[in-house]
Amino acid sequence: MPQTLCGEIVRTTYANEETGFTIAKMKVKGMGEVTVVGQLMNPPGGTFLEASGQFENHSQYGPQFKVTRFTSSLPVTCEGIKKYLASKAIKGIGKTMAERLVAAFGSETLDVIDKHPERLTDVEGIGKKKAEQILSGWEEQMDVRQVMVFLHSHGVGSAFASRIVKAFGKKAAQVVTQNPYALATEVAGIGFLTADRIAKSVGFSMEAPQRIAAGLLYALSSATDEGHLFLPTEGLVQKACELLQLSPDHLRGGIADLIQKEKIIVKETEDPVIGQAVYLPWLFHSERGIAVTLASIMKGIKHPIFKDAKGDVEAMEKRLSIHLAPKQKEAVEMALTEKAMVITGGPGTGKTTIIKSILKIYHNAGARMLLAAPTGRAAKRMTESTGFPAKTIHRLLEFSFQKGGFQKNRENPLACDVLVVDEASMIDVPLMFNLLKAVPGTATLILVGDVHQLPPVGPGNVLRDIISSGRIPVTTLTEIFRQAKQSLIVVNAHRINQGKSPFSGNPQPESDFFIIERNDPESVAATLVELMARRIPRRFNLDPMEEIQLLTPMHKGPLGGERLNLLLQEALNPGEGLLDTFKFRVGDKVMQLKNNYDKDVFNGDIGRVVAADPSARSLSARFEEKEVLYQEAELDEITLAYAVSIHKSQGSEYPAVVIPVTTQHHIMLQRNLIYTGITRGKELVVLVGSWKALSVAVKNNRTIKRFTQLTELLKAL
């Protein structure tokens, strides 16, 4: 049950200006000084607080009162007013000036500043200019205070209130009153549902135009989270009807209004089932931009020109003492003669050999070469396998948070004659558009990827759509080479891709692929922990933190990533959590959940917690060569990574992977999911679960069709 404490703020020990998170000492009658923590917006000393929350026992700092809601009022006693003014709450007033003011006006000091500022010049050291400065500081402080009071009165929690004030300043109350739905797009962490709740509290009707517009945009934006670039008009109406609980007529009117305001773009399609496609403008322009830019690259003049591609390939083979298979030669020759091409194929089909051969020939011709991949791990692997440096696409395009956006573009293109992009199946529409814009007209573009893997996490299905269009030359590799045939990982990946059950290496000890049958969820969980913490490290001499990765189809449930992470944390990194709220520990394996350009860490990056400051409620994690600091309010950007979703593992390879495959994951039992998970393992793959579930997954080749038009756009050019 929540408790309520009333008292005076004595001093602040920590405050984060960005988030409003504060640790302060509050004098409570009958209890002495109590440590209060929460989104308190750094209340000045002397402020009277009425706070709701509950006591928690911090492992290092003892009992703390965690505040969930609060109201504050100005001090009324001389001592309280002196503390308040001395805390620099008002610009122009420090400790000495605070003492002078209270000596002159006593308990009426704040009333004088507010209602009779002309009397301030009666105090020694305050002239007309200083009095104006004090009055300006007072008004600014009161604006923020009034906004906070207003937001609290409408049920907005402290954390959201501080973010709203940070975003809108003294206009915050006006924004909330006139269009609270603006909060959903302007304030981090406030989505449509929260904005809708606030809107109802300030009197907005269910049929308000602002609500309908925001609901439609939210429904369309949610569709992009599922990989769609657009929704059919009727699909959008249906989705918004369920969300807003309004009739279709209301929503069709809202769509017309959004078209007029250029908030959405509606286009007729040739598909009678889809009919009209409704896009968010940035996705509409990105998709069409890919088609136009790719066509332009194809028409460009190639440099360097290889007059005898076949002879160049044979010379390279002789020089490096290698022998390419016919399909590999075809791919290399194509890379020398075409302006753009795609190389696709599963594991063991020789993609790396082809890339190395292409790069060697271009390098020998003095060409400028660039290599890129969507993730840091994929770029690192590309560097190791080819011998040439590779970068992430974001770093290649020189993304700058300060300057706003990618610095490499049409006006400032990449300095290269050939650009090779690996793991292209992971690239979504917005990123591909930005990449293609930076490709110079004379350069050759080579996209490499496995089209049978999961589609990108972001919107679109670019590699598949490009291949389907038939407008770009494609080499499809299907032959598994002799050395790769010795690996059950490779053999089984291809069997699964063909809809066949995998072979198990049980009981051959030298195998690299095992299936351990367990049917009960608790038995599966116990086996996963045993494998990760003891059996695999002992038998294969692999580091459980760095070289073994648990991949799971789902996040929730008894065998979801959330629970498995806690079990593995306890097994691999036992101890008390650094931060009671989030349970992270020094040494924990963590993953970044979204792109943070300011911190230079990106969605899917994996690191380790290396330090923490419990008093400041912050921790530091190391990612590759850099250390990143997270304040408490930013900790939702990272999560434990002992177990990660198969989606998040794309672009990565691990010496060993362990994957639960059970009927509890029935929603996610799809062929491309299992295929993607298995192809993440280099030396060892272990599946734990039931043959029944595995059979269901292998047979299920039905993937959710993403709404895209890229194939049709490319065909039309």
Side chains of [X] and [Y] in contact at under 4.5 Å (non-hydrogen atoms):
{"X": "V448", "Y": "V421", "value": "no"}
{"X": "L220", "Y": "L231", "value": "yes"}
{"X": "P430", "Y": "L283", "value": "yes"}
{"X": "P455", "Y": "M426", "value": "no"}
{"X": "T552", "Y": "I646", "value": "no"}
{"X": "T444", "Y": "E338", "value": "no"}
{"X": "T293", "Y": "R410", "value": "yes"}
{"X": "F204", "Y": "D196", "value": "no"}

Going by atom types alone, do [X] and [Y] pair a side-chain donor with an acceptor below 3.5 Å?
{"X": "N596", "Y": "E637", "result": "yes"}
{"X": "N434", "Y": "K408", "result": "no"}
{"X": "R464", "Y": "T708", "result": "no"}

What do the steps show when you test R252 against E234 for salt bridge (charged side-chain N to carboxylate O under 4.0 Å, His left out), and what is the final call? CA-CA 9 Å; R252 290 193 183 95; E234 289 308 307; 3.0 Å; yes
Flag this pair as yes if the NZ/CZ of R288 is under 6.0 angstrom from the six-membered ring centre of Y279 and inside a 45 degree cone about the axis; otherwise no.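 Yes, cation above the ring, under 6.0 Å and within 45°.
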Give a yes/no verdict on a cation-pi contact between K599 and F623, requiring under 6.0 Å between NZ or CZ and the six-membered ring centre and an angle within 45° of the axis.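 Judged by the rule (NZ or CZ under 6.0 Å from the ring centre, within 45° of its axis), K599 is not positioned above F623.
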Mark yes or no for whether [X], through its side chain, and [Y], through its backbone, hold a donor-acceptor pair below 3.5 Å.
{"X": "E262", "Y": "I259", "result": "no"}
{"X": "N672", "Y": "H452", "result": "no"}
{"X": "S286", "Y": "W282", "result": "yes"}
{"X": "Q650", "Y": "L454", "result": "yes"}
{"X": "T224", "Y": "P459", "result": "no"}
{"X": "S645", "Y": "K648", "result": "yes"}
{"X": "H228", "Y": "A223", "result": "no"}

Less than 4.0 Å between a side-chain N and a carboxylate O, is that true for [Y] and [X]?
{"X": "K263", "Y": "D257", "value": "no"}
{"X": "K239", "Y": "E226", "value": "yes"}
{"X": "K267", "Y": "E287", "value": "no"}

Mark yes when over 12 heavy atoms from residues, nucleotides or ligands other than K626 sit less than 6.0 Å from its NZ; otherwise mark no.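 Check passes, neighbour count above 12.
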Does CD1 belonging to I301 count more than 12 external heavy atoms closer than 6.0 Å?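 At most 12 heavy atoms, drawn from other residues, nucleotides or ligands, come within 6.0 Å of this atom.
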How far does CD1 of I274 sit from CD of Q709, to the nearest 0.5 angstrom?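 Answer for the CD1-CD pair, I274 versus Q709, is 6.0 Å.
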From L551 atom CG to H647 atom NE2, the distance as rounded to the nearest 0.5 Å: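 Rounded to the nearest 0.5 Å, the CG-NE2 separation comes out at 12.0 Å.
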Work out which heavy atom in [X] is nearest to a heavy atom in [Y]; give both atom names and the distance.
{"X": "S205", "Y": "R211", "result": "O-CD, 3.8 Å"}
{"X": "V176", "Y": "V202", "result": "O-CG2, 3.8 Å"}
{"X": "A697", "Y": "I674", "result": "CB-CG1, 3.6 Å"}
{"X": "A372", "Y": "I393", "result": "CB-CG1, 4.1 Å"}
{"X": "G215", "Y": "F192", "result": "N-CE1, 3.5 Å"}
{"X": "P281", "Y": "I265", "result": "CA-CD1, 4.0 Å"}

Audit row: R368, L414, side-chain contact (heavy atoms from CB on, under 4.5 Å) steps and yes/no: CA-CA 10 Å; R368 299 169 300 166; L414 296 164; over 6 Å; no
Take K302 and D417 through the test salt bridge (charged side-chain N to carboxylate O under 4.0 Å, His left out) and record every step on the way to the result. CA-CA 8 Å; K302 185 178 175 66; D417 300 308; over 6 Å; no
Check against side-chain contact (heavy atoms from CB on, under 4.5 Å), L713 and V292: CA-CA 9 Å; L713 290 168; V292 171; over 6 Å; no
Please determine whether side-chain contact (heavy atoms from CB on, under 4.5 Å) holds for the pair N565 and V644, giving the CA-CA distance in whole Å, both sets of side-chain angles, and the decisive distance to 0.1 Å. CA-CA 8 Å; N565 263 314; V644 303; over 6 Å; no
Set of ring-ring contact (aromatic ring centres under 6.0 Å, His included) partners for F602, sequence neighbours left out: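 Checked F602 against ring-ring contact (aromatic ring centres under 6.0 Å, His included); matches are H394, Y597.
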Apply side-chain contact (heavy atoms from CB on, under 4.5 Å) to F168 and L183, showing your working. CA-CA 10 Å; F168 298 107; L183 304 178; 3.5 Å; yes
